[in-house]
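Please read the structure below before turning to the comments.
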Amino acid sequence: MNTGRGHNLTWRHRGIALLVFLMFAAAIVRLYTVQIRDHEKFVREAAITRQGAVNIPAPRGAVLDATGYPLATSIDTWDVYIDRVQWGYQPAAAREAAQALGAFFGLNPDDLLRLGMEARGGDVLVQRQMDYARGLSLRTADLYGVRLEPSQVRVYPEGDIAGQLLGFVGRDGKGLWGVEADFDHYLRGKDGILSTERDALGRPIAFSARHERAAVGGGEVQLTIDRFVQAIAERALEDAMKKYHARSGQIILMDPHTGAVLAMASRPSIRLGAVNLDDPKLPELVRGRPITDLYEPGSVMKILTTAMAIDQDLVTPDSTYNDTGSVEVSKYRILNWDFSANGTTTVRKYLQKSLNTGSVWLGQKIGPDRFYDYVKAFGLGESTHVGLSGEAEGTYRTPNDPNWYAVDLATNSYGQGLATTPLAMLTAVNSMANKGMLMRPYVVSKIVTESDVRTFEPVRVRQVVSPQAADTMMGLLHDVVDGVEFHGAQVPGYQVAGKTGTTLLSIPTGYDLDSTIASFAGFIPAQDPKVSVLIKIDQPAGGLNLGGQVAAPVFATVAEQVMKYYAIAPAAPQKNLVRAP
Amino acid sequence: MTSLPNVRKPRVSNPVSPMRTGAATVIARPGGVIRQLPEGWGVVRQRISRTMLAGLALLTVAGVGIFQVLQTSNVASTGYEVRRLEGERTDLDAEIRLLEAQLASSANLEYLRKTASERLGMTPAANRLRISVDTPAPDVVPLPRRYVPVVEEQPAPERSWWDTFVDAIPGRR
């Protein structure tokens, strides 16, 4: 008996079976495509979707002063973004997030929504470098499609001190100028990366493959600059600029025995916390003039000229020449700065009165070949290799140059017709306090990274003059200051050695007869110099424009404060001195 | 039923407890009947039914499964905890850097000058008094040197006999 339709399949059955078969076939074909043929492609795409990589910014290292105080350091902040893709996905949630975000930042939610819903473009930056604690509260709110990326901002706890030397960083945190740029390699560290699998909402999946390369923090760069000394120099320079209506100025303080730069002040300067990269005057403000700008040192050069002659045993402090008030060299007549004629004059007196005729006399005794050999040995024609970028090399003509004339030797002997940087000049003068040994200046004393500690030691460059000649010069320089009544560089209670300099401003067509550069280079205490100081005031106006009038008093101000800071007792007994039992 | 010679009737406190009697395992019944059972695994197999075995296997599988789930759940929650702690550490690091910067700002020379004059009413010294003492001055460290740690030289670790041996093998670079 036939109990049912049994094997009698209708066309419907066959149709359904065919349909099912086709569906299975399609599924199998699709599986083959996904699992076998395009396997690699889909694995890659899935990984891109699943894998999320987060950049872990490395904290930038600090720039420290000699006492370990941070002159520049970084603090953490947040950059707040709107994720356009997510907002485009869920407009309702985006609207809600825009309301909350607008209220948080005091912005118009509609504007935020419009920005965030625009089809084109990447994520929208809402706020850069937001305060970290504030960012945490925003993060806790967990607004839809609002992303917080960790960032950093550079801060300067001591304000704008040593601005040109420190330099600044760009928005990307890379050093653009000064120590920040020159030592960026050590300061910036190495960003880390965290790669994890993410769920559909972009949240990291806890139990998943996780690859992390930890960020390596930037190293600390310690300078030889002492913030207390730097502040003294900057304050004194600021006051001098105002008092003498000067256009610019620089003050450098060094340890003459080691070459360590204790302070390097320059005006005009930048405000580190508010650097405007679009400011056309920026190059003028950020330039580290003590190392980038060449100037004619004027009578400060007489220190070196006299040292050469003494080193060659050509003269002693008491050797004499006849000062007639002028010298004729190759048809050029060279006069003393004050047009004086002093008759029989000793080397000591020539230095005290800063007579040009005296240095011409010494220059001619030394002779051009030896003179320029000494100039080279003092390092005036080369970079000092202080370790900062942008350092200029001094320039001067030598007898080997076709356009050198005999008068060049005469003018060079009192610091005109040759140019050098303030740092190179002070470095050369320092050799007098260091037994004739030229030391290489340096501003970085230590670099500490995660893996290494580099310490920079003083570098002896060469013996330029004999120790005896240097000692003799120190005595002479002491006589120049303390042996002259009412010398502006005198510091009560301390012995000072030094020399003033005044030179006309060099311009492309010759000299600006109305503009001077007033300078003073000196040591304190003279008997055992703790610091050497170079004061350079450019184009002082208002009547006073000589080194002795403008720069020497600034030296006295700086030197006195520095002696107090270093707790160096005055050499001469003081009226109110008390001896402990 | 068989009785075995040389088999001593055991003192029965637990009538079904098996006893080892040298070569064979015996079991005592309440009636004093003793039955010899085969050695080893066969004993267990004969006593546990197939159903029980299947049940045990199922329980084992279920136990392993539950253990796996618990383990996974535990790892996941630990992962979240680790992430939370990492985030906390990052936040604390950021706070440390911020506090260091604030501390440095509080030691700013201008701030100190202002505080000294405005809050403490201090003025620059007009007269200075110098006192000479015989004690030498200490090494001046004006501020804590937190940023540049003093790195002490670490002695080189002692080489193990194995390293020495490996190094002694000829042909190694």
Side-chain angles (χ1 to χ4, degrees), chain A residues 56 59 61-62 64-65 67-71 73-77 131-133 135-136 139 150 152 155-159 161 194 196 204-208 210 212 217 220 222 226-228 230-232 235 445-448 452-453 493 564 566-567 569-570 573-581, chain B residues 71-84 86-113 124-135 137-138 140-153:
Chain A
I56 307 168
L64 315 170
D65 85 332
T67 64
Y69 178 92
L71 297 173
T73 188
S74 290
I75 57 170
D76 297 69
T77 53
D131 178 68
Y132 197 85
L136 288 181
R139 194 177 65 179
Q152 290 178 359
V155 292
Y156 306 92
E158 194 53 88
I161 206 166
L194 173 62
T196 52
I205 300 170
F207 187 44
S208 64
R210 176 186 165 93
E212 181 173 3
E220 318 284 10
Q222 188 168 27
D226 184 316
R227 68 177 176 129
F228 294 93
Q230 180 75 24
I232 290 169
R235 209 164 37 241
S445 61
K446 195 186 272 184
I447 297 174
V448 183
D452 196 18
V453 177
K564 279 183 195 168
Y566 283 125
Q574 297 297 288
K575 207 192 292 183
N576 53 2
L577 185 137
V578 175
R579 184 159 293 282
Chain B
Q71 189 79 345
T72 308
S73 155
N74 195 29
V75 167
S77 61
T78 307
Y80 281 118
E81 182 65 10
V82 166
R83 183 147 307 120
R84 190 188 64 75
E86 280 176 350
E88 207 171 293
R89 188 187 62 188
T90 308
D91 293 345
L92 288 172
D93 282 344
E95 198 180 334
I96 287 169
R97 283 191 280 274
L98 183 67
L99 288 172
E100 282 171 354
Q102 284 174 354
L103 187 67
S105 296
S106 300
N108 171 310
L109 294 176
E110 199 48 49
Y111 175 80
L112 291 180
R113 184 189 305 278
N127 294 311
R128 304 186 73 207
L129 178 67
R130 290 195 173 275
I131 301 172
S132 299
V133 291
D134 294 333
T135 312
V140 178
V141 183
L143 281 174
R145 291 177 179 269
R146 116 96 187 98
Y147 278 96
V148 183
V150 178
V151 179
E152 289 177 7
E153 292 266 326

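Predicted model, so just to flag it, every value in this text is computed and none were measured. By convention in this document, chain letters (A, B, ...) are assigned in the order of the sequence lines, proteins followed by strands, and residues within each chain are numbered from 1.
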Is chain B contacted by the side chain of A:Leu136, its backbone, both, or neither, given a heavy-atom distance below 4.5 Å? side chain

Proximity breakdown for A:Pro150 and chain B, heavy-atom pairs closer than 4.5 Å: neither

Atom group of B:Gln102 that falls short of 4.5 Å from chain A, counting heavy atoms: neither

What part of A:Ser74 lies closer than 4.5 angstrom to a heavy atom of chain B: side chain, backbone, both or neither? backbone

Pair B:Asp93, B:Arg89 - check side-chain contact (heavy atoms from CB on, under 4.5 Å), show working. CA-CA 6 Å; B:Asp93 282 344; B:Arg89 188 187 62 188; 4.1 Å; yes

Has the side chain of A:Glu158 got a donor or acceptor atom that lies under 3.5 Å from a matching backbone atom of B:Leu109? yes

Residue among A:Ala231, A:Ala567, A:Pro59 with most heavy-atom pairs under 4.5 Å to chain B: A:Pro59

Side-chain donor or acceptor of A:Asp65 paired with backbone N/O of A:Arg227 under 3.5 Å: yes

Got a sec, which residues hit salt bridge (Lys or Arg N to Asp or Glu O under 4.0 Å) with B:Glu81, two or more places apart in sequence or on another chain? B:Arg84

Atom group of B:Thr90 that falls short of 4.5 Å from chain A, counting heavy atoms: both

Can you tell me how far CD1 of A:Ile161 sits from CG of A:Leu71, rounded to the nearest 0.5 angstrom? 7.0 Å

